[in-house]
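Quick note on labels: first sequence line is chain A, next is B, and so on, each numbered from 1. We use all heavy atoms of the structure for the numbers below, so side chains are in, but hydrogens, waters and symmetry mates are not.
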Amino acid sequence: MSSKVRVRFAPSPTGPLHMGGVRTALYNYLFAKKHQGDFILRVEDTDQTRFVPGAEDYIIESLKWCGIEPNEGQGYGGDFGPYKQSERKHLYRQYVDQLIESGHAYYAFDTAEELNEQRELAKSQGKAGWQYNSITRQYLKNSLSLSADEIKQKLDEGEPYVIRIKLPRNEEVRFYDEIRGWVVVNTANMDDKVLYKSDGMPTYHMANIVDDHLMEITHVIRGEEWLPSAPLHILLYQYLGWEAPKLAHLPLILKPDGNGKLSKRDGDRLGFPVFPLEWKDPKTGDISSGYREKGYFPEAFVNMLAFLGWNPGTPQEIFSLDGLVEAFSLERVGKSGSKFDPEKTKWYNQQYLREKSGEELAQLLKPSLSFDVSDEFLAGVCELMKERALFIQEMLEDDYFFEAPQAYDEKTIKKKWKDQTPEIITELTSRYEQLEDFSAKKIEETFKSFLAEKELGMGAVLPNFRVLVTGKGMGPSMFQISELLGKEEVINRLKTGLERLEKQKA
RNA sequence: GGCCCGUUCGUCUAACGGCUAGGACGCCAGGUUUUCAUCCUGGUAAUAGGGGUUCGAUUCCCCUACGGGCUACCA
């Protein structure tokens, strides 16, 4: 009896989606598609204090840009909604009550201040890591330590309370992690986590378990930061009498230099985006750069992300999304954290840039253009430029394609412009004028036979030809550039350039 | 501090006990090119340390070191 695979990506709308989060979403997506399953987006907004406007839309748009859209969930609908936890608030209480009735949870009336005092006290005695557990709960204010009357009175008076899980003192909790294998933790090292907050909202732990169960999630694929709380979740499933989904904890993405989790700061410091899309902080107005705005292709970004912690076991490194789906498996996900490499990301982008035709690139570029140019011409520019570019916007960096040069590269002039150059150029120009078919091939033939006739080397003429037409000392093939610009334009540029340079000399 | 997870070239990684530890990025050198880029060829560089188990360990076990995560009425 194999039920349909259902996985979920469950971010909190507390800010822009970090690329680590995108990778988690990606792996979930790949796993779902690989097994003809469902990929669900659930928004975990149980902490109202951390809500950031715009974050939810940002998450949805990011996934969309990456091409890893959920087929069910917040913004997509489905039979298991609502998909936002704040809208599911009414669902959780009954399960918490069930836990209380079965003796697996209890009321606790201690205030945050009181608990902080306990922690401070423990700390001052040299004991870090104070816990609300099977020992300490005996002398704290909760429904296990207080009398029935006291409890009733507090509840009747409306005194704020939380509900905590009641953990056994010394019991081994074990679970099989699809990536790490068996993990064993003793409840003696765990604490009685809050399941239900005094504001009437469940905590992550409770909401997570209830929703995963109700939404019939079969596999939980999430970041390694959740590994320590996995035993708690296992216990919760057990106490609720539910079958736990399979768990897989992904290794973290680390900063490129030094150690530690990749953070927004690292991107700012080292000059690369950590977010898929640009994000403007609604409070501070600060802008964080995004891969999309930097000119990365979503395919390249996704390809790079997929390989950060996973590999197909073959030398192939370039994969389309469908290819990734085909090749993906949880078994080939590594156990250790991966340092992010911005250089390799650029390389991925370059690979995708090359695969695109001039026409495709032209279409992508067109919306950002501030001047008029034909599709055909723009495609020609892209065709010439793409071999030497990493990013699509570099196609437009050489403005000589769109207007005659105003200045001429001094280094080239100094090195290559000789006394006899004007004469050579003048004659070359007239040869070009006689050309009927101004194609790259013909231009090159004309140019080369001219050189042979005059017994001149490439180096004596081509750089000057280039600098007059483009103003630059380097670039793509001059013959192809010439064909693209057209006979009239090339001849014009040669003539006016020659004039200007001679005037300068005089 | 406690608990958990991890550790192969600078980086991403391959090698599911058995060839000179392979590939990719980067870097360096040579070639191609009018030039830059591309491209081609070559080079650089790793099993954290120590014990076991074994005929044989990158691979299995233990210890140490180092790194990371968690340790909230945050997710």
Side-chain (A/Glu87) to main-chain (A/Pro82) donor-acceptor, under 3.5 angstrom: no
field: Heavy-atom neighbours of A/Glu427 CD exceed 12 at 6.0 Å
entry: yes
query: Is it the case that more than 12 heavy atoms not belonging to A/Lys197 sit under 6.0 Å from its NZ atom?
result: yes
- prompt: Reckon A/Phe307 touches a base, only the sugar-phosphate, or nothing at all at heavy-atom distances under 4.0 Å?
  reply: sugar-phosphate
- prompt: In whole angstroms, how far is the P atom of B/rG26 from the CD atom of A/Glu317?
  reply: 11 Å
query: Which is true for A/Arg180 with a 4.0 Å heavy-atom rule: it touches a base, it touches only sugar-phosphate, or it touches nothing?
result: sugar-phosphate
field: Out of B/rG69, B/rA14, B/rU34, whichever nucleotide has its closest atom nearest the side chain of A/Asn311
entry: B/rA14
field: Euclidean distance, atom CD of residue A/Gln85 to atom P of B/rC74 [Å, nearest integer]
entry: 13 Å
message: What contact category does A/Ser336 fall into here, base, sugar-phosphate, or nothing, at under 4.0 angstrom with non-hydrogen atoms?
response: sugar-phosphate
message: Would the base of B/rC73 count as contacting A/Thr203 through its side chain, where contact means a donor and an acceptor less than 3.5 Å apart?
response: no
query: What interatomic distance, in whole Å, is found between P of B/rG18 and the corresponding atom of B/rG10?
result: 25 Å
task: When you get a sec, tell me which of B/rG23, B/rC39, B/rC70 is the closest nucleotide to the side chain of A/Glu225?
output: B/rC70
field: Rounded distance (Å) that lies between atom C1' of B/rA24 and atom CD of A/Gln351
entry: 10 Å
query: Touch check for A/Lys261, heavy atoms < 4.0 angstrom, all strands: base, sugar-phosphate only, or nothing?
result: sugar-phosphate
- prompt: Which whole-number value in Å describes the distance from A/Leu235 CG to B/rC3 C1'?
  reply: 16 Å
task: Would you mind telling me which of B/rU71, B/rC25, B/rC70 lies closest to the side-chain atoms of A/Trp347?
output: B/rC25
message: Between B/rC63 and B/rG69, how far apart are the two C1' atoms, rounded to whole Å?
response: 23 Å
query: Applying a 3.5 Å limit to both distances, which nucleotide forms a Watson-Crick or G-U wobble pair with B/rU38?
result: none
- request: Mind checking A/Val162 for me? I need base, sugar-phosphate or nothing, with any heavy atom below 4.0 Å counting as a touch.
  value: base
Separation between the P atoms of B/rG49 and B/rC9, rounded to whole Å: 10 Å
query: Side chain of A/Val185: nearest nucleotide among B/rA75, B/rC12, B/rC4?
result: B/rC4
message: With a 3.5 Å distance limit and no angle check, can you tell me whether A/Arg332 reaches the backbone of A/Asn311 through a side-chain donor-acceptor pair?
response: yes
task: Between B/rG50 and B/rA57, how far apart are the C1' atoms? Round to whole Å, please.
output: 15 Å
message: At less than 4.0 Å, is any side-chain N or O atom of A/Lys197 found next to OP1 or OP2 of B/rC74? Yes or no.
response: yes
task: Check whether any side-chain N or O of A/Lys339 sits under 4.0 Å from OP1 or OP2 of B/rU7, and answer yes or no.
output: no
field: A/Arg332 side-chain proximity, nearest of B/rU34, B/rA14, B/rG68
entry: B/rA14
task: Give one of base, sugar-phosphate or nothing for A/Gly129, where a contact means two heavy atoms less than 4.0 Å apart.
output: base
message: Classify A/Val183 by what it touches in the nucleic acid, base, sugar-phosphate, or nothing, heavy-atom distance under 4.0 Å.
response: sugar-phosphate
message: By the 4.0 Å heavy-atom rule, please label A/Met478 as base, sugar-phosphate, or nothing.
response: base
field: Paired nucleotide for B/rU53 [Watson-Crick or G-U wobble; both distances under 3.5 Å]
entry: none
task: Whole angstrom is fine here: how far is it from CZ in A/Phe391 over to P in B/rU38?
output: 14 Å
Interatomic distance, A/Gln480 CD vs B/rU34 C1' [rounded to whole Å]: 14 Å
statement: By the Watson-Crick or G-U definition, both distances under 3.5 Å, B/rG10 is matched with B/rC25
field: Residue matched to B/rC19 through Watson-Crick or wobble contacts both under 3.5 angstrom
entry: none
statement: Picking from B/rA24, B/rG68, B/rG2, the nucleotide nearest the side-chain atoms of A/Leu252 would be B/rG68
- request: Assign A/Arg164 to base, sugar-phosphate, or nothing according to its heavy-atom contacts below 4.0 angstrom with the strands shown.
  value: sugar-phosphate
query: How would you label the contact of A/Gly260 with the nucleic acid (heavy atoms, under 4.0 Å): base, sugar-phosphate, or nothing?
result: sugar-phosphate
query: Is it true that A/Trp310 and A/Tyr27 have ring centroids separated by less than 6.0 Å?
result: no
field: Under 3.5 Å donor-acceptor pair, A/Arg466 side-chain atoms to B/rU34 base atoms
entry: yes
message: Exactly one of A/Trp347, A/Tyr291, A/Tyr348, A/Phe275 should register a ring-ring contact (aromatic ring centres under 6.0 Å, His included) with A/Tyr296. Which one does?
response: A/Tyr291
message: Using heavy-atom distances to pick each residue's nearest nucleotide on RNA chain B, tell me which of A/Pro202 and A/Ala389 is more 5'.
response: A/Ala389
message: For B/rC73, give the paired nucleotide (Watson-Crick: N1-N3 plus N6-O4 or O6-N4; G-U: N1-O2 and O6-N3; both under 3.5 Å), or none.
response: none
query: Base, sugar-phosphate, or nothing: which does A/Asp110 touch, judged by heavy atoms less than 4.0 Å apart?
result: base
task: Side chain of A/Ser198 only, please: which of B/rU38, B/rC73, B/rC12 is the nearest?
output: B/rC73
- request: Would you indicate what A/Met458 reaches in the nucleic acid, counting non-hydrogen atoms under 4.0 angstrom: base, sugar-phosphate, or nothing?
  value: sugar-phosphate
message: Over 60° means perpendicular and under 30° means parallel, so tell me whether A/Tyr58 and A/Trp279 are parallel, tilted or perpendicular.
response: perpendicular
message: Tell me whether the rings of A/Tyr432 and A/Phe465 are parallel (<30°), tilted (30 to 60°) or perpendicular (>60°).
response: tilted
d(CD, A/Glu355; P, B/rU38) in whole Å: 16 Å
message: With a 4.0 Å limit, can you tell me whether A/Arg354 has a side-chain N or O closer than that to the phosphate oxygens OP1/OP2 of B/rC39?
response: yes
- prompt: Does A/Glu224 or A/Phe340 map to a spot on RNA chain B nearer the 5' end, using the closest nucleotide for each?
  reply: A/Glu224
- prompt: Considering every strand shown, what is the Watson-Crick or G-U wobble mate of B/rU58 when both distances are under 3.5 Å?
  reply: none
- prompt: Any chance the side chains of A/Asp110 and A/Asn142 put a donor and an acceptor closer than 3.5 Å?
  reply: no
field: Nucleotide opposite B/rU33 in a Watson-Crick or G-U pair, distances under 3.5 Å
entry: none
query: Reckon A/Thr46 touches a base, only the sugar-phosphate, or nothing at all at heavy-atom distances under 4.0 Å?
result: sugar-phosphate
query: Parallel, tilted or perpendicular: which fits the ring planes of A/Phe109 and A/Tyr107, with parallel below 30° and perpendicular above 60°?
result: parallel
Listed nucleotide nearest any side-chain atom of A/Pro228, set B/rC70, B/rC73, B/rC74: B/rC70
- request: Check whether the side chain of A/Arg388 and the base of B/rC36 form a donor-acceptor pair under 3.5 Å.
  value: yes
Euclidean distance, atom CG of residue A/Asp192 to atom C1' of B/rU71 [Å, nearest integer]: 14 Å
- prompt: Across the strands shown, which category fits A/Gly223 at heavy-atom distances under 4.0 angstrom: base, sugar-phosphate, nothing?
  reply: nothing
- line: The nucleotide from B/rG68, B/rG26, B/rC12 with an atom nearest the side chain of A/Glu343 is B/rG26
